[in-house]
> 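After the structure tokens below, expect a handful of questions from me.
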Amino acid sequence: MLDIKFIRANAELITQHLAHKGVDGAALIDSVLLLDKGRRDLLVLNEASKKERNDISAQVARRRKNGENADDLMNRSREIGEEITGLEAREREFTTQLDALLLEIPNIHHSSVPIGAGEEENVEVRRVGTPRNFNFTPLPHYEIGEKLGILDFEAAAKISGARFYVLKGAGARLERALISFMLDVHTQKHGYEEVLPPVLVRSSAMTGAGVLPKFAEDAYKVENEDLWLIPTAEVPVTALHCDEILDASQLPIKYAAYSPCFRSEAGSAGRDTRGIIRVHQFNKVELVWFTTPEGSYEALEQLRADAETILELLELPFRTVELCTGDLGFKAAKAYDPEVWFPSQNTFREISSCSNFESFQARRSSIKYRPLDENGKAGKPEFVHTLNGSGLAIGRTFAAILENYQNADGSVTIPEVLRPYLGGTETLS
RNA sequence: GGAGAGAUGGCAGAGCGGUUGAAUGCAACGGUCUUGAAAACCGUCGAGGGGCAACUCUCCGAGGGUUCGAAUCCCUCUCUCUCCGCCA
């Protein structure tokens with residue numbers, strides 16, 4: 001959510017930014033400004049009436065104390081009360097509409113973000129490792145997994161339908177190893193606090209993180225209850241500090257959270273239909289930061305480095321792209337996507353997405369901190385900046401390992417750093 | 001699921017229809033004293049909105065209602081706690 005005061009002062013700029021994101025926001029911004037003006041006009045009238053009523057009430061109290069009659073004042077106050085009721089109803093209408101629109105306006109992008117229409121114009125900022133030269137035709141991960149008996153799509157289809165999978169034996173253990181490995185690196189080497197959040201959350205948490213109301217279609221909702229299955233641990237972990245005013249000394253706060261993630265994948269019919277790249281339920285280790293506004297861009301670089309470290313330790317070839325405006329999405333002011341190499345597809349695929357949301361989520365969730373001036377004196381509360389990134393998506397990492405570490409005989413070598421988590425196992429065969 | 005109790009400022013805790021945005025204590029911050037610190041004493045100390053400003057409005061879990069006037073009375077909801085039932 002953007003600051004209404006900022007919108008008032010920068011309507012032109014925002015419309016431009018939205019255009020770069022491929023959104024025609026002129027009409028939207030106009031409506032917002034109109035509603036905002038209407039609301040404030042009503043507010044001024046309403047306040048004047050309330051002031052009068054408050055004054056009269058005080059007078060009534062005084063007369064009552066002296067045993068005097070106050071009927072005239074009480075009658076007048078009753079009239080004002082009716083006025084106020086009317087004004088408030090109208091003001092509420094404006095406010096409701098305004099709030100609904102504000103929740104629909106995407107974030108604006110940071111000045112450093114490259115302008116571009118879509119994915120093709122993302123900018124590669126880093127490339128690590130060299131894709132292997134296979135002296136055989138590398139198989140896709142789902143074939144490797146099925147042959148090894150560690151991935152079972154048929155069983156999953158019986159249980160839950162398409163876009164689900166069952167992990168078995170060494171596969172289940174590898175998944176668990178990846179989760180532990182990533183959490184260990186982030187908590188022991190990168191200074192994150194581990195969190196294991198609920199996977200069912202209220203709609204307020206979904207709205208606070210920026211998923212609702214716009215992306216309701218992409219999420220699963222529990223029937224007859226105000227509970228949603230989280231599409232990412234970002235949702236509950238961001239909500240961890242909603243409605244709080246943090247001390248400046250607490251920042252930055254860094255959490256690493258493992259959770260299963262649930263996505264309806266509405267609208268992605270036909271894309272990545274095979275394998276475990278795009279499924280309704282997957283595991284992910286998510287990194288979430290709460291920082292001061294001054295520190296958030298430095299934090300973004302660190303966050304991205306923390307995610308990339310996992311790929312480096314696993315010795316998986318990857319590149320990182322900086323998203324251009326057209327690919328930036330709804331919430332982010334700036335984002336990097338580390339992408340891992342998939343030999344069977346001969347391409348890089350997103351395995352993480354590291355974003356700075358600036359105050360976009362903090363404003364929706366009301367997460368503030370108390371800044372300190374040079375003398376260490378506490379000032380007015382300000383919104384924190386939030387950032388998050390996958391560190392990493394477990395399922396896609398699993399798939400990338402199968403593909404990049406596959407051998408001609410159908411076996412898969414286990415990356416060295418994972419072996420301690422698998423009882424020393426060196427290959428899956 | 002049933003019965004009951006509760007929700008007030010960073011925390012604890014008054015308040016039960018009329019200058020109460022809220023006593024008091026603790027914490028925090030500034031100061032006096034001190035070589036320094038502690039103690040003691042003095043002072044400051046919630047959040048959000050509107051207005052160029054003077055100033056003003058709102059907020060005592062949330063939303064409605066009663067009243068000239070609500071933290072205080074009524075209703076609904078949410079959450080917490082206790083007991084019973086069920087249960088991993």
Side-chain angles (χ1 to χ4, degrees), chain A residues 1-9 32-100 102 196-208 212 222 224-228 236 239-251 253 260 290 359 362-384:
Chain A
M1 189 158 71
L2 298 177
D3 183 5
I4 183 65
K5 285 186 200 160
F6 180 81
I7 298 176
R8 262 178 231 154
V32 164
L33 292 176
L34 217 65
L35 287 167
D36 174 52
K37 181 77 175 85
R39 186 189 69 89
R40 273 152 59 219
D41 288 347
L42 285 166
L43 190 66
V44 170
L45 290 175
N46 198 358
E47 278 190 10
S49 299
K50 282 182 173 170
K51 163 98 174 89
E52 195 179 348
R53 183 176 66 180
N54 289 346
D55 289 345
I56 292 175
S57 287
Q59 287 180 53
V60 171
R62 236 172 285 136
R63 284 207 202 167
R64 280 289 179 93
K65 218 172 186 175
N66 300 334
E68 296 165 17
N69 181 289
D71 286 353
D72 55 332
L73 292 177
M74 282 157 61
N75 286 334
R76 173 65 191 135
S77 183
R78 208 179 332 243
E79 284 169 26
I80 298 171
E82 278 161 25
E83 261 173 54
I84 292 174
T85 306
L87 285 169
E88 265 181 351
R90 288 174 60 200
E91 192 189 319
R92 200 163 31 234
E93 251 173 69
F94 276 82
T95 305
T96 306
Q97 286 184 45
L98 179 62
D99 289 349
L102 286 175
L196 189 63
V199 299
L200 289 171
V201 300
R202 300 162 165 277
S203 50
S204 58
M206 292 283 274
T207 304
L212 291 180
V222 175
N224 302 323
E225 295 198 60
D226 180 31
L227 286 173
W228 298 73
L240 219 45
H241 291 295
C242 73
D243 299 319
E244 287 185 18
I245 300 173
L246 303 162
D247 282 335
S249 62
Q250 290 176 265
L251 301 175
I253 296 172
F290 300 82
S359 56
R363 186 168 282 109
R364 288 170 164 251
S365 306
S366 187
I367 307 169
K368 302 187 171 183
Y369 80 108
R370 208 174 282 285
L372 300 175
D373 66 16
E374 320 79 67
N375 307 318
K377 205 152 163 48
K380 281 260 167 212
E382 280 177 26
F383 290 111
V384 300

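In the text below, chain A, chain B and the rest are named by the order of the sequence lines, each starting its count at 1.
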> Just how far, in rounded Å, is C1' of B/A27 from CZ of A/Arg370?
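Taking atom C1' of B/A27 as the reference, CZ of A/Arg370 is at 14 Å.
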
> Does B/U58 have its OP1 or OP2 closer than 4.0 Å to a side-chain nitrogen or oxygen of A/Asn54?
yes

> Starting at the 5' end of RNA chain B, which residue's closest nucleotide do you reach first, A/Arg39 or A/Ala61?
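The residue mapped nearer the 5' terminus is A/Ala61.
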
> Nearest-Å distance, CD (A/Glu47) to P (B/A53)?
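My rounded result for the distance is 13 Å.
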
> Strictly by Watson-Crick or wobble contacts shorter than 3.5 Å, is anything paired with B/G6, and which nucleotide is it?
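In the structure as shown, B/G6 has B/C79 as its Watson-Crick or wobble partner.
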
> Could you check whether any side-chain heavy atom of A/Leu102 comes within less than 4.5 Å of a side-chain heavy atom of A/Ile7, counting everything from C-beta outward?
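Sidechains of A/Ile7 and A/Leu102: in contact.
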
> Which value, in whole Å, describes the distance between the P atoms of nucleotides B/U72 and B/C86?
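Comparing P positions in B/U72 and B/C86 gives a spacing of 39 Å.
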
> Do A/Lys368 and A/Glu382 make a side-chain contact, defined as non-hydrogen atoms from C-beta onward lying under 4.5 Å apart?
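The answer is no, as the side chains (C-beta and beyond) never meet within the 4.5 Å cut-off.
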
> When rounded to the nearest Å, what value does the distance between C1' atoms of B/A28 and B/A12 take?
15 Å

> For the C1' atoms, the ones on B/C16 and on B/C74, what distance do you get once it is rounded to whole angstrom?
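It works out to 14 Å between them.
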
> Who is the Watson-Crick or G-U wobble partner of B/U34, with both distances under 3.5 Å?
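In the structure as shown, B/U34 has no Watson-Crick or wobble partner.
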
> From C-beta outward on A/Arg8, which listed nucleotide comes closest to its side chain: B/G51, B/G69, B/G18?
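Nearest to the side chain of A/Arg8 among the choices is B/G51.
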
> Counting just side-chain N and O atoms, does A/Lys368 come under 4.0 Å of either OP1 or OP2 of B/G48?
yes

> May I have the distance from A/Ile4 (atom CD1) to B/G50 (atom C1'), rounded to whole angstrom?
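These atoms are roughly 13 Å apart.
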
> Round to the nearest Å and state the distance from A/Lys51 atom NZ to B/G50 atom P.
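Nearest whole value for this atom pair: 20 Å.
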
> Between atom CG in A/Asp36 and atom C1' in B/G51, what is the gap in whole Å?
14 Å

> Does the side chain of A/Arg92 get closer than 4.0 angstrom to OP1 or OP2 of B/G63 through an N or O atom?
no

> If you pin A/Asn75 and A/Lys380 to their nearest nucleotides in RNA chain B, which one's is more 5'?
A/Lys380

> Does B/A28 have a Watson-Crick or wobble mate here (both distances under 3.5 Å), and if so which one?
B/U44

> If you measure from the P atom in B/A27 to the same atom in B/G65, how many Å do you get, rounded?
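Between the two P atoms, the distance is 44 Å.
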
> With rounding to the nearest 0.5 Å, note down the distance linking OG in A/Ser57 to CZ in A/Arg64.
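Between A/Ser57 OG and A/Arg64 CZ, I get 11.0 Å after rounding to 0.5 Å.
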
> Could you state the atom-to-atom distance from CZ of A/Arg202 to P of B/U78 in whole Å?
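Value for this atom pair: 9 Å.
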
> Does a distance-only test, which skips hydrogens and angles, find a donor-acceptor pair under 3.5 Å between the side chain of A/Arg64 and the base of B/G18?
yes

> Without decimals, in angstroms, what is the distance between A/Ile367 CD1 and B/A47 P?
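Nearest whole value for this atom pair: 18 Å.
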
> Rounded to the nearest angstrom, tell me the gap between atom CD1 in A/Ile245 and atom C1' in B/C45.
13 Å

> Distance check, C1' atoms only: B/G48 and B/G36, in whole angstrom units.
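That atom pair is separated by 43 Å.
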
